[in-house]
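As a basis for the values below, the full set of heavy atoms in this structure was taken, side chains included, without hydrogen atoms, waters or symmetry mates. Computed from a predicted model, the values in this text were never measured in an experiment.
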Amino acid sequence: MTEDAHHDASVAAFEASFHADRTIAVNAKGMTMKKPLFSIEEPEPKKAVRADRPPTEGFATIVDGHFKSEFDTAEAAEVSGRKLKTAYPMLQVQVYDAAMKVRTLLS
């Protein structure tokens, strides 16, 4: 097989394995690489919730001084806190109201 025929066979094999959902990029060395296309339907990544800052809205449970889960209602936060307190009575569990900036100790 001549060098041109080998090259043509390699190109044909590459084109056969090429998928329509990918684009081709050429790096500095001249090698081709497949690069994924990003879909518009993919949601943007959410900002990470910081455990060292209180939430700005809703309610949260505080376990031993650390913010944990966030909830839309005080009742949901209290139910979650009471479950933790029942399972682990040695924990100090509080419910934090972000609107009032008030902590309520669960006993």
For residues 83-106, run the donor-acceptor check on the side chains, cut-off 3.5 Å, and write out each pair with its distance to 0.1 Å, sequence neighbours left out.
{"from": "Lys85", "atom 1": "NZ", "to": "Pro89", "atom 2": "O", "distance (Å)": "3.2"}
{"from": "Lys85", "atom 1": "NZ", "to": "Leu91", "atom 2": "O", "distance (Å)": "2.5"}
{"from": "Thr86", "atom 1": "OG1", "to": "Arg82", "atom 2": "O", "distance (Å)": "2.8"}
{"from": "Asp97", "atom 1": "OD1", "to": "Ala99", "atom 2": "N", "distance (Å)": "3.1"}

**Complete:** Residues Ala60 and Phe67: closest non-hydrogen pair is CB-CD2, 4.3 Å

**Phe59 side, atom CZ; Asp72 side, atom CG - distance, nearest 0.5 Å** = 9.5 Å

**Asked** Closest approach of Thr61 and Phe71, non-hydrogen atoms and distance?
**Response** CG2-CE1, 3.7 Å

